[in-house]
2 protein chains.
Amino acid sequence: MANIREIAKLAGVSVSTVSRVLNDYPYVKEEKRRAVLEAMDQLNYKKNINAVHLAKGKTCIVGVMLPDVAHPYFSAMMEGVAEEALRFGYHLLLFQTNYDVHKELEALEMLRMKQMDGLIICSHMASIEAIEAYMEDGPIVLCEDVKDNHFLSVSINHYDAFLLGMNYLIKKGHTKIGYCIGRSTGINSQIRKAAYEKALRAIDVQPNDEWRFEQCLHITDGKRVVEKLCSLHEKPTALLVTSDQVAAGIILWGKAYGVTIPNDLAIVSFDNHPIAEALGITTIELPLSLMGKKAFHMIYHCLKTGIYSEQKEQLPVQLIERMSG
Amino acid sequence: MANIREIAKLAGVSVSTVSRVLNDYPYVKEEKRRAVLEAMDQLNYKKNINAVHLAKGKTCIVGVMLPDVAHPYFSAMMEGVAEEALRFGYHLLLFQTNYDVHKELEALEMLRMKQMDGLIICSHMASIEAIEAYMEDGPIVLCEDVKDNHFLSVSINHYDAFLLGMNYLIKKGHTKIGYCIGRSTGINSQIRKAAYEKALRAIDVQPNDEWRFEQCLHITDGKRVVEKLCSLHEKPTALLVTSDQVAAGIILWGKAYGVTIPNDLAIVSFDNHPIAEALGITTIELPLSLMGKKAFHMIYHCLKTGIYSEQKEQLPVQLIERMSG
DNA sequence: GTAATGTATGAAATGCGTTTCAATGCAAGT
DNA sequence: ACTTGCATTGAAACGCATTTCATACATTAC
């Protein structure tokens, strides 16, 4: 395959001049420029981008780390990142970790090895300290509410969002409120738990451990929730569910088990995916795609200006009232 | 940042020896190996992967081209690709094209520039001829039923799958059958149309253009379908829908419009996403994740062996009977 | 005891584009 | 006429790991 030196020889110029033409630098006589372009055409020249990466010391690639691309929560974020990256001529490297710490570290290593210029961490299992060790290797943005450190972050204020949902249910007269979350570990889950307890404390109600459902990620998890719910002696009258998918599952299987929504059980969930509209689910809209865009932007800004200014942004949510709760 | 030469100097060996240690080659005295490792440790050495890419002439990166990561159809495929790629130590570069031909060509250019070793095209707008021009730049696999060319491909036999759905409905006594598809262009859509007409011809029924619904991609498109359906003078009694999402939308909005499933309208769809189970949708399961895995495998095999053997694989589907049709 | 193998190591070439630095030519400014 | 400055161009260094080839010594084989 032809390289820049062959082009130079054929066009009768130096490699520097070829490079200038290639990169649209000024100070090249029109005549030589044409000669170079013609030589490139003749030899069917194509840049070897890896040589560019090596020479420039950057790749215009940003990594995205997430547990599972197929989950709507993450694919929505990814979509936002992808759209924005494209607008700025960046490429995306996907790291699907499945919450395997080892794979997460591997992604971070790729940052260190300059495979990519920056990294967006949508969710992670590894400790913050472990991730911090890679901060010097390129901008990293975390999509979670991190404090007491110098990471860039965009996040949803899950505390306030959860409080919003809780207070909405409380205002509707509910006191027996349960909730469904995804992972039990993870900062977001802890934040939600805190908000849950805070809201209950405000109305002097003790949290009931039996009304906390973990590992609720997919629509099919709704079935398990309904079944467990039916088996309970004392049942909650309302559920706050961290995903429309799971809420949909609860509603649909609830129907099969004779659970009437919202009379037997009121439901407020999160996301506002199209399925929530279709099922009439009262939900708290999470701006996931926007979060992806913002995340990319932080990285981009940092790379462009070379200034790493610690920045933490929180995105607003809004409750969309429908009939489920 | 330290490079291989500095390590060599500090360890008192040649760069070749350092490289040998780095790549676990034999013929390095234990004593020197240790010296090298220690030097690497001392200088906090990390490979510059771009130099490796350049020197090796390959990147262990495979590109994935698709219109929209957030669509469950594609995120399911992507998930399969990602899982398999990870197993073999490959990385994934995502090209979200939104069916913009220009962006598609840009992805193909990246293949030519050796940014990646191979490319998986989940769906595309560009002509086959345009894509063919890039075949020499690396293995490309198309996830569609392509004939008369030398592409690698993994696909679902959409013709048979559609026929399966049609015949199922016909056997149930339906003759007034309509269908919903995504894009009207695209090979898959043409294939489906052919199967549709074939099935009707077999029972001597004329296709009705009013019963074809295009641009059905998301759950919310179900609303439009129901509305149009209600406005029709002569209505179909059954619909074949190319996505569970859309079928779900039709069922849910159908309820609001007083359309009883399956009595007023029988529905058979495709995918078998969890939502189909939740809603009791009779659906034809498409092995999307598996398709992603196979696609990666074809590329991998090709890269590993260096043999490009034209290969076209079709994956079987199965009808899962539930209550919607 | 000599040829044939195997082990161990380094110098140098290779992959390829970018960037810096020095040099030349030519026009405007004093 | 002489400095200043911009336009134009090329040589060479740079980024960095891999790989080939040659060399030297140590075994094993016949």
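To find a chain, count down the sequence lines: A is the first, B the second, and so on, and within it residues start at 1. Keep in mind the model is a prediction, meaning the values are calculated, not measured.
- Across the protein-nucleic acid pair, A:I7 atom CD1 and C:dG15 atom C1' stand 16 Å apart, rounded to whole Å.
- Contact of the A:H91 side chain with the A:L93 side chain is not registered, since no non-hydrogen atoms from C-beta on lie closer than 4.5 Å.
- Using a 4.0 Å heavy-atom cutoff across all strands shown, B:V13 reaches sugar-phosphate atoms only and no base atom.
- Just one residue in the list A:D41, A:V15, A:V18, A:V13 forms a side chain to side chain contact (heavy atoms under 4.5 Å, CB included) with A:I7, and that residue is A:V18.
- Atom CZ of A:R5 and atom P of D:dG10 are 14 Å apart (whole Å).
- Taking every heavy atom of residues 22-53 of chain A and every atom of DNA chain D, pairs under 4.0 Å involve A:Y27, A:V28, A:K29, A:K32, A:A51, by number.
- For the pair B:S14 and C:dT9, the criterion of a side-chain N or O lying under 4.0 Å from OP1 or OP2 is not met.
- Under the 30°/60° scheme for interplanar angles, the aromatic rings of B:Y90 and B:Y300 are found to stand perpendicular.
- Counting only N and O atoms by type, the side chains of A:N157 and A:Q314 include a donor and acceptor under 3.5 Å apart.
- Checked by atom type and distance alone, the side chain of B:N50 never pairs as donor or acceptor with a backbone atom of A:N50 at under 3.5 Å.
- Taking five base pairs at each end of the helix from C:dG1-D:dC30 to C:dT30-D:dA1 and finding the rotation axis that steps the C1' atoms of four pairs onto the next four gives two axes whose angle is 30°, to the nearest 10°.
- Taking atom NZ of residue B:K56 and atom P of nucleotide D:dA17, one finds them 12 Å apart after rounding to whole Å.
- Residue contacts for A:S16: at a heavy-atom cut-off of 4.0 Å it reaches a base atom on one of the strands shown.
- Taking atom CD of residue A:Q115 and atom P of nucleotide D:dC16, one finds them 16 Å apart after rounding to whole Å.
- In this structure, A:K58 places its NZ atom 12 Å from P of C:dT18, rounding to the nearest Å.
- Counting only heavy atoms from C-beta outward, the side chains of B:N149 and B:K312 approach each other to under 4.5 Å.
- The side chain of A:S19 contributes no N or O atom lying less than 4.0 Å from OP1 or OP2 of C:dG17.
- Although no hydrogens or angles enter the test, the distance criterion places a donor-acceptor pair under 3.5 Å between the side chain of A:T59 and the main chain of A:Q115.
- Per the geometry, NZ belonging to A:K9 stands 19 Å off C1' belonging to D:dT9, to the nearest Å.
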Taking only distance into account, with no hydrogens and no angle test, what donor-acceptor pairs under 3.5 Å do side-chain atoms of residues 65-73 of chain A form with protein atoms, sequence neighbours excluded?
| from | atom 1 | to | atom 2 | distance (Å) |
| --- | --- | --- | --- | --- |
| A:D68 | OD1 | A:A70 | N | 2.9 |
| A:H71 | ND1 | A:Y73 | N | 3.0 |
| A:H71 | NE2 | A:L217 | O | 2.8 |

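- Projected onto DNA chain C by closest heavy-atom contact, B:G12 and B:L54 fall at different nucleotides, the more 5' of which corresponds to B:G12.
- Side chain to side chain, A:Y99 and A:E104 fail the donor-acceptor criterion of an N or O pair below 3.5 Å.
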